[in-house]
> 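Handing you this structure, nothing more for now.
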Amino acid sequence: MSDQNNETMPIDPNVDPYGFLGMVRNSDGSITRLQEPLVSVDTSNDLSHLVVTKDISINSSKNTWARIILPCELLHSTTSTPKLPLVIYFHGGGFIVATVDTPVFQGLYASIASEIPAIVVSIEYRQAPEHRLPAAYDDCMEALHWIKNKPDDLLSNHADFSKCFLMGTSAGGNVVYHVGLRASESWDNLKPLEIKGLILNQPFFGGNERTQSEVRLANDKVLPLIISDIMWDLGLPEGVDRNHEYSNPMVGIKSNPNLFDQVKVLGWKMLVTGCDDDPLIDRQVDLVRVLKELGVQVEGSFTQGAYHGSEVVDPLKAKEFSLLIKEFISH
């Protein structure tokens with residue numbers, strides 16, 4: 001995710017895709033990580049002073065952990081303040097790059113926490129190909145059970161556990177989809193955590209057959225086909241293709257038309273976002289259409305003049321996105 005208007009991007013993903021991802025592919029098919037991918041981000045509107053953060057381990061054996069982000073005003077208030085909605089966030093990175101701590105994500109955390117306002121808990125999950133899917137889903141599901149036990153006073157004192165939303169960007173949106181389905185089947189075991197909605201921000205999905213938007217934007221400077229193909233190749237279980245249910249939600253829905261029945265029974269609402277210059281938009285629009293046909297309470301918010309990950313690198317887009325989430329959560 002880099003600003004596609006940035007003329008000084010050091011590595012063109014269409015020329016050196018592994019270099020763009022900060023890694024090299026070895027002759028045996030393994031990868032060696034060299035550095036975190038370079039991402040251009042606008043820091044002119046730093047919001048870090050508006051929030052307080054705290055990192056806590058979830059499972060030391062897996063090196064999974066969480067960052068709690070909350071508005072400063074909660075801790076500075078001299079009067080009792082109402083508890084805030086709880087947003088459990090799953091970051092992007094195609095399952096193979098980026099972490100909770102990646103600098104480019106910090107502005108979005110701060111924007112969401114301060115604009116809504118809300119308590120944000122960003123979850124660190126294991127990366128592929130060292131830990132292929134469903135490892136990320138397993139880790140994030142484990143995180144929900146960890147959160148339900150109120151592991152820190154910041155959560156127990158300030159988060160409204162009866163108003164929880166799962167949210168993720170790109171690969172994190174894919175995680176929301178799959179973890180949300182799992183959570184809907186075990187909702188009773190997650191109490192007092194009560195999920196009210198699923199927010200899929202520019203979710204990362206794929207398939208063997210190319211969509212029109214993927215063809216149109218095949219050489220995109222942010223998420224070209226060669227990059228998404230590498231991500232699926234490294235992220236999916238060994239020996240499967242992009243028509244696996246982890247990457248192509250239509251496969252799972254077609255094989256089980258009742259897949260969303262429990263989501264409907266629980267009254268969960270869903271929001272799927274996308275934009276015209278994201279190669280993934282056709283898959284996102286198609287998902288909203290199919291979910292509506294299934295009777296799911298789903299909204300699609302598809303904008304013009306943006307690209308994949310723009311709300312992560314552009315503070316103005318981050319604020320627009322945060323206000324959209326505020327409206328979704330409040331209704």
Side-chain angles (χ1 to χ4, degrees), residues 1 39 41-43 45-56 66-75 81-93 98-125 140 143-144 147 152 154-155 158-161 163-176 179-180 193 195-203 269-275 299 301 303 306 308-331:
M1 293 181 297
V39 180
V41 59
D42 182 355
T43 58
N45 187 28
D46 183 16
L47 302 178
S48 60
H49 63 285
L50 298 178
V51 297
V52 173
T53 67
K54 182 176 183 179
D55 296 347
I56 310 176
R67 174 164 295 168
I68 302 172
I69 306 103
L70 69 162
C72 283
E73 59 194 34
L74 283 183
L75 302 185
T81 56
K83 292 188 175 183
L84 298 180
L86 176 60
V87 175
I88 301 175
Y89 183 82
F90 308 124
H91 67 76
T99 72
V100 166
D101 203 33
T102 296
V104 73
F105 296 142
Q106 309 314 307
L108 182 61
Y109 301 155
S111 180
I112 295 167
S114 60
E115 291 285 353
I116 292 177
I119 309 299
V120 178
V121 182
S122 184
I123 306 300
E124 182 63 13
Y125 51 84
C140 293
L144 297 187
I147 290 171
D152 189 86
L154 290 179
L155 293 178
H158 301 294
D160 183 350
F161 276 63
K163 197 171 185 181
C164 172
F165 294 82
L166 305 187
M167 181 168 78
T169 297
S170 194
N174 177 298
V175 172
V176 169
V179 170
L193 197 64
I195 296 168
K196 299 298 185 184
L198 309 176
I199 302 166
L200 287 66
N201 177 35
Q202 300 182 344
K269 55 184 181 177
M270 295 180 65
L271 173 65
V272 179
T273 73
C275 57
E299 300 175 24
S301 177
T303 60
H308 190 78
S310 56
E311 77 294 334
V312 176
V313 298
D314 182 340
L316 293 178
K317 297 290 186 186
K319 182 166 185 175
E320 290 174 9
F321 174 71
S322 299
L323 293 175
L324 173 68
I325 302 308
K326 179 178 184 177
E327 182 179 359
F328 177 75
I329 286 177
S330 63
H331 286 85

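Only this structure's heavy atoms are used, side chains among them; waters, hydrogens and symmetry mates stay out. Source: prediction; values computed, not measured.
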> Which of these, T99, V313, V312, sits in a side-chain contact (heavy atoms from CB on, under 4.5 Å) with F105?
V312

> Sort and list the pairs that fulfil salt bridge (charged side-chain N to carboxylate O under 4.0 Å, His left out) and have at least one residue in residues 99-114, not counting sequence neighbours.
R67-D101

> Would you check, one step at a time, whether the test side-chain contact (heavy atoms from CB on, under 4.5 Å) holds for T169 with Y89?
CA-CA 8 Å; T169 297; Y89 183 82; 2.7 Å; yes

> Could you give the distance from CG (L323) to CD1 (I116), rounded to the nearest 0.5 Å?
9.0 Å

> Would K163 and L86 count as a side-chain contact (heavy atoms from CB on, under 4.5 Å) here? Give the steps.
CA-CA 6 Å; K163 197 171 185 181; L86 176 60; over 6 Å; no

> Minimum heavy-atom separation for P71 and A118, please, with both atom names.
CD-O, 3.5 Å

> Are the side chain of H331 and the backbone of E327 linked by a donor-acceptor contact shorter than 3.5 Å?
yes

> Does any non-hydrogen side-chain atom of D152 lie less than 4.5 Å from one of K54?
yes

> Think K269 forms a cation-pi with F328, using NZ or CZ under 6.0 Å from the six-ring centre and within 45 degrees of its axis?
yes

> Can S111 and S322 be counted as having a side-chain donor-acceptor contact under 3.5 angstrom?
yes

> Testing L70, I68, I56 one by one against L155 for a side-chain contact (heavy atoms from CB on, under 4.5 Å), which residue passes?
I68

> Are the side chains of C72 and L50 in touch, meaning some heavy atoms are under 4.5 Å apart?
no

> Looking at Q202 and G309, would you say the former's side chain and the latter's main chain have a donor-acceptor pair under 3.5 Å?
yes

> Report yes if the side chains of D160 and P82 come closer than 4.5 Å at any heavy-atom pair, otherwise no.
no

> Spell out, as yes or no, whether a donor-acceptor pair under 3.5 Å connects the side chain of Q106 to the backbone of T102.
yes

> Give the C-alpha distance, both sets of side-chain angles, the deciding distance and a yes or no for side-chain contact (heavy atoms from CB on, under 4.5 Å) between N201 and S170.
CA-CA 6 Å; N201 177 35; S170 194; over 6 Å; no

> G93 and A98: which non-hydrogen atoms are nearest, and at how many Å?
CA-CB, 4.2 Å

> Are the side chains of V176 and I199 in touch, meaning some heavy atoms are under 4.5 Å apart?
no

> Sequence neighbours left out, what pairs pass side chain to side chain donor-acceptor pair (under 3.5 Å) with at least one residue falling in residues 112-125?
H91-E124, Y109-S122

> Would you check, one step at a time, whether the test side-chain contact (heavy atoms from CB on, under 4.5 Å) holds for L198 with V272?
CA-CA 9 Å; L198 309 176; V272 179; over 6 Å; no

> How far does CD1 of I112 sit from CD1 of I119, to the nearest 0.5 angstrom?
12.5 Å

> Apply the side-chain contact (heavy atoms from CB on, under 4.5 Å) test between F321 and each candidate in L316, T303, D314, T273; give the one that qualifies.
T273

> Given side chains that start at C-beta, do those of I325 and M167 come closer than 4.5 Å, heavy atoms only?
yes

> Are side-chain heavy atoms of L166 and V87 found at a separation under 4.5 Å?
no

> With no hydrogens and no angle check, is any side-chain donor or acceptor of S330 less than 3.5 Å from a backbone partner on K326?
yes

> Drop me the distance from I195's CD1 to L144's CG, to the nearest 0.5 angstrom.
5.5 Å

> Is the shortest side-chain heavy-atom distance between I123 and V100 below 4.5 Å?
no

> To check you understand the geometry: which heavy-atom pair defines the closest contact between C140 and V175, and what is its length?
SG-CG1, 3.7 Å

> Under 4.5 Å between any side-chain heavy atoms of L324 and L271, yes or no?
yes

